[in-house]
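Below is one structure, written out as structure tokens; the observations come after it.
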Amino acid sequence: MSENQTNATGADQWREKLSPQEYQVLRQGGTERAYTGEYWDNKAAGTYSCRACGAALFTSTEKFDSRCGWPSFFEPAADANIRYLTDTSMGMERTEVRCGSCDSHLGHLFTGEGFNTPTDQRYCINSISMDFHEATES
């Protein structure tokens with residue numbers, strides 16, 4: 001099987017698993033509109049995982065209100081589950097955040113914005129790229 005056939009087969013599998021909107025963000029690097037995602041204002045305790053593969057990405061402990069319209073976190077749940085790429089689209093240099101397990105696009109990382117967080121970083125993540133698993137009381 002050629003590389004193009006392998007890539008097409010992989011794309012077909014993702015299209016079967018994901019909705020058209022999920023595919024556009026996760027596999028094509030799109031962005032949902034601000035203040036429209038289901039988790040931008042979620043305040044429940046729990047874990048956010050990759051909607052495509054289920055890898056744990058962030059927890060509610062690191063989530064904060066940046067007033068940007070997307071879920072914001074100051075650090076990932078596990079560094080191994082996050083991958084970083086340089087994104088020079090839109091006439092600027094940004095750091096793209098991807099799932100370390102399945103390479104799905106999650107959002108972008110911004111630093112030095114002055115938020116009162118331990119890392120001075122803002123992981124600006126699309127709600128549609130994550131599933132939320134509410135913490136259970138023990």
Can you confirm whether [X] sits close enough to [Y] that some side-chain heavy atom of one is under 4.5 Å from a side-chain heavy atom of the other?
X	Y	result
L85	R83	yes
F115	R122	yes
K63	P71	yes
S66	C124	no
S104	S129	no

Is a side-chain donor or acceptor of [X] paired with a backbone partner of [Y] at a separation under 3.5 angstrom?
X	Y	value
D120	G114	yes
T88	E93	no
Q24	Q21	no
E32	I128	yes

Connected via hydrophobic side-chain network under 4.5 Å: [X] and [Y]:
X	Y	value
F58	Y84	yes
L106	F73	yes
Y23	V25	no
Y123	Y39	yes
W70	I125	no

Distance from E75 atom CD to T59 atom OG1, nearest 0.5 Å?
->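 Output value for this atom pair is 8.0 Å.
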About how many Å separate CD of E62 and CG of L57, when rounded to the nearest 0.5 Å?
->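 Spacing of CG (L57) from CD (E62) equals 12.0 Å.
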Less than 4.0 Å between a side-chain N and a carboxylate O, is that true for E16 and R27?
->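 Here R27 does not pair with E16 in a salt bridge, since their nearest N and O are not under 4.0 Å apart.
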Under-4.0 Å salt bridge between E96 and R94 =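 Looking at R94 together with E96, the answer is no, because their closest N to O distance does not fall below 4.0 Å.
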Using a distance-only test with no angle check, is there a side-chain donor-acceptor pair under 3.5 angstrom linking T95 and H108?
->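 No - no donor-acceptor pair under 3.5 Å links their side chains.
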Decide whether N42 and Y48 meet the rule of one side-chain donor and one side-chain acceptor closer than 3.5 Å.
->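 Checked: N42/Y48 side chains pair up, N/O donor to acceptor below 3.5 Å.
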Locate the shortest heavy-atom distance separating [X] from [Y]; write the atom from each residue and the value.
X	Y	result
R51	K17	O-CE, 4.3 Å
T47	A56	CG2-CB, 4.2 Å
A44	S60	O-CB, 3.3 Å
G30	N126	O-ND2, 3.8 Å
S49	G54	CB-O, 3.5 Å
G69	W40	O-CB, 3.4 Å

Applying side-chain contact (heavy atoms from CB on, under 4.5 Å), run through W14 and C102 and close with a yes or a no.
-> CA-CA 11 Å; W14 284 119; C102 70; 4.0 Å; yes
Go through the steps to decide whether H105 and Q28 satisfy the test side chain to side chain donor-acceptor pair (under 3.5 Å), and finish with yes or no.
-> CA-CA 7 Å; H105 172 77; Q28 296 180 313; over 6 Å; no
